[in-house]
Amino acid sequence: MTGAASASFTADDYRARMERAVRQAADAGLAGLLVAPGPDLVWLTGYTPTAATERLTLLVLAAGRDPVLVVPTLEAPDAERALGASALTLRDWTDGRDPYAATAALLDANGRFGISDNAWAMHLLGLQAALPGTSYASLTEALPMLRAVKDAAELELLAAAGAAADAAFEEIRQVAFAGRRETDVAADLAALLRRFGHSQVDFTIVASGPNGANPHHEIGDRVIERGDMVVLDFGGLKDGYGSDTSRTVHVGEPTDEERRVHGLVREAQEAGFLAVRPGVACQEVDRAARAVIADAGYGEYFIHRTGHGIGVTTHEPPYMIEGEERPLVPGMCFSVEPGVYLPGRFGVRIEDIVTVTEDGGRRLNNTEREMVIVD
């Protein structure tokens, strides 16, 4: 997730992110943040180790202290090359030394810290043993909105990732579906995402016929038939930022019911999109989309949230779901993806990534939302 993505940002960008993180941590009553290898570390520093191992790597952020990245000595040269390296201090440790004792010297012995969700349990337990008076909260629990509001450069990268996913859909709709396995079409989709610039393909759902009633269907060897509805949901990372889009196509002419359900989901997706504007609670996007489907009598068949955030990962806060009362803020990016899933028969999902603007929302996916007929 470094490389091309990092080239869009400067050391000052990473410094500003770390400063923002420290302020948010203080506002949340935390003594600081401990950030392990993963998306948070990439976003804050531009650095990802070649491989996350049993050797401790940890960014320490605390008010009144310069940021410190604790790294194994053998990985220090790579860390020094990260674009955010000049905005922090590197503290390396060699095999045979206790990395937890070295890290403990940087921490308030009785503080409560936010820690990356993907930190290894052995590292957290090592810190707790070194500093028994400390306590910890996951970053998703403590600072769920840390990466939620994107700056202009991030929005540009997300828009480019969305456009690349759109280009992949425009190509896949031209290929033959009937008589081929789901795995064949999924392989085509993955190849198209890479052709249009994705370095990482996270998922290529191809759910045909009755498989479409499972929102997270695992692709299999089912042969796609004429008369099938096919849910396509695909995305990954391009230049370090995510894409995620869904369209539902039909192999040959659909029935009246299939057209009606597809039109209903399209109407619900439009309602969710139109609900997007600054100050509106996240749950209102879910409510707007869900009301359309419920009013048509299909409410029990819409079985997931309406959306999830996206950024340096394809799923992250905020979530468009009942009970999420956080307000939308310009720069937030998330999916709007209602669906209807009829067990044993077919499913329909339509998904766009949307960003909040100063006066509404802007789609980052712009392919056709009407029923698309494929061969």
Side-chain angles (χ1 to χ4, degrees), residues 169 173 177 182 203 205-219 222 224-234 244-277 280-309 315 318-325 328 334-354 360-361 363 365-374:
F169 176 73
R173 63 182 289 185
F177 278 68
E182 291 175 342
F203 47 89
I205 295 173
V206 178
S208 63
N211 289 341
N214 176 1
H216 281 176
H217 169 65
E218 290 286 338
I219 55 171
R222 182 182 186 276
I224 301 169
E225 302 173 355
R226 294 196 68 80
D228 278 350
M229 194 85 87
V230 184
V231 179
L232 304 173
D233 184 348
F234 51 96
D244 185 1
T245 188
S246 300
R247 293 293 186 265
T248 303
V249 302
H250 198 278
V251 187
E253 284 300 313
T255 65
D256 289 344
E257 183 189 20
E258 288 169 332
R259 285 191 182 277
R260 183 171 66 253
V261 173
H262 189 281
L264 174 65
V265 174
R266 182 176 55 79
E267 182 183 348
Q269 207 269 347
E270 179 71 9
F273 169 69
L274 292 176
V276 175
R277 60 185 183 276
V280 168
C282 292
Q283 67 182 3
E284 295 301 329
V285 178
D286 182 85
R287 287 176 175 178
R290 198 169 299 276
V292 173
I293 293 173
D295 289 349
Y298 288 86
E300 65 183 292
Y301 303 112
F302 181 9
I303 56 177
H304 56 73
R305 65 197 175 202
T306 293
H308 58 82
H315 281 211
Y319 299 105
M320 306 301 112
I321 190 170
E322 182 66 30
E324 179 51 86
E325 298 180 348
L328 299 180
F334 48 84
S335 65
V336 178
E337 51 175 308
V340 168
Y341 308 93
L342 302 178
R345 301 182 62 205
F346 64 88
V348 177
R349 182 164 63 258
I350 300 172
E351 174 185 14
D352 294 325
I353 299 303
V354 173
R363 298 181 193 266
N365 295 107
N366 294 287
T367 55
E368 188 173 349
R369 295 174 198 89
E370 300 286 345
M371 173 86 74
V372 170
I373 309 298
V374 297

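Only heavy atoms go into these numbers, but all of them, side chains included; no hydrogens, no water, no symmetry mates. In this chain, numbering begins with 1 at the start of the sequence shown.
Within the 4.5 Å cutoff, no side-chain heavy atoms of F346 are placed close to those of D228. In this structure, I353 and F334 have side chains that are not in contact, with every pair of non-hydrogen atoms separated by 4.5 Å or more. Contact check for V285 versus L328: side-chain heavy atoms found under the 4.5 Å cut-off. Here the side chains of V372 and F169 are in contact, with some heavy-atom distance below 4.5 Å. Contact check for H216 versus I205: side-chain heavy atoms found under the 4.5 Å cut-off.
Listed by chain and number, the residues in a side-chain hydrogen bond (donor to acceptor under 3.5 Å, both in side chains) with S208 are E182, R222 (sequence neighbours excluded). E351 meets the salt bridge (charged side-chain N to carboxylate O under 4.0 Å, His left out) test with no other residue; sequence neighbours excluded. In this view, E257 and R345 satisfy the side-chain hydrogen bond (donor to acceptor under 3.5 Å, both in side chains) rule, not counting sequence neighbours. Remark: D352 pairs with R247, R363, R369 by the salt bridge (charged side-chain N to carboxylate O under 4.0 Å, His left out) rule, at least two apart or across chains. Legend: residues meeting salt bridge (charged side-chain N to carboxylate O under 4.0 Å, His left out) with E284, ordered by chain and number and at least two apart, are R287. Applying the ring-ring contact (aromatic ring centres under 6.0 Å, His included) test to H308 and every residue at least two apart in sequence or in another chain returns H315. When the salt bridge (charged side-chain N to carboxylate O under 4.0 Å, His left out) test is applied to E324, the partners found at least two apart in sequence or on another chain are R326. With sequence neighbours left out, V231 forms a side-chain contact (heavy atoms from CB on, under 4.5 Å) with A207, T248, R349.
Nearest heavy atoms, P254 versus I373: CD-CD1, 3.6 Å. Considering all non-hydrogen atoms of both residues, V354 and G361 come closest at CG1-CA, 4.3 Å. When all heavy atoms of E337 and S335 are compared, the closest pair comes out as OE2-OG, 2.8 Å. Shortest non-hydrogen contact noted between I224 and F177 is CB-O, 3.5 Å. Closest approach of D233 to S246, counting heavy atoms only: CG-OG, 3.0 Å. Heavy-atom minimum distance, G344 versus A213: N-CB, 4.3 Å.
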Take R259 and E253, measure what side-chain contact (heavy atoms from CB on, under 4.5 Å) needs, and give me the verdict at the end. CA-CA 9 Å; R259 285 191 182 277; E253 284 300 313; 3.1 Å; yes
Residue pair V374, V230: steps toward the side-chain contact (heavy atoms from CB on, under 4.5 Å) verdict: CA-CA 10 Å; V374 297; V230 184; 5.9 Å; no
Determine, step by step, whether T245 and F234 satisfy the side-chain contact (heavy atoms from CB on, under 4.5 Å) criterion, reporting the C-alpha distance in whole Å, the side-chain angles of both residues, the deciding distance to 0.1 Å, and the verdict. CA-CA 6 Å; T245 188; F234 51 96; 3.6 Å; yes
Using a 3.5 Å cut-off and no angle test, enumerate the donor-acceptor pairs between side-chain atoms of residues 297-306 and protein atoms at least two apart in sequence or in another chain.
unit_1, atom_1, unit_2, atom_2, d
H304, NE2, Y341, OH, 2.6
T306, OG1, D286, OD1, 2.8

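Using a 4.0 Å cut-off between charged nitrogen and carboxylate oxygen, E368 and R266 do not count as a salt-bridge pair.
Using a distance-only test at 3.5 Å, with no hydrogens or angles considered, no donor-acceptor pair links the side chain of Q269 to the main chain of P338.
To the nearest 0.5 Å, atom CE of residue M229 and atom CD of residue E258 are 4.5 Å apart. Rounding to the nearest 0.5 Å places CG of N211 at 11.0 Å from CD1 of I219.
Within a 6.0 Å radius of CZ in R277, no more than 12 heavy atoms belonging to other residues, nucleotides or ligands are found.
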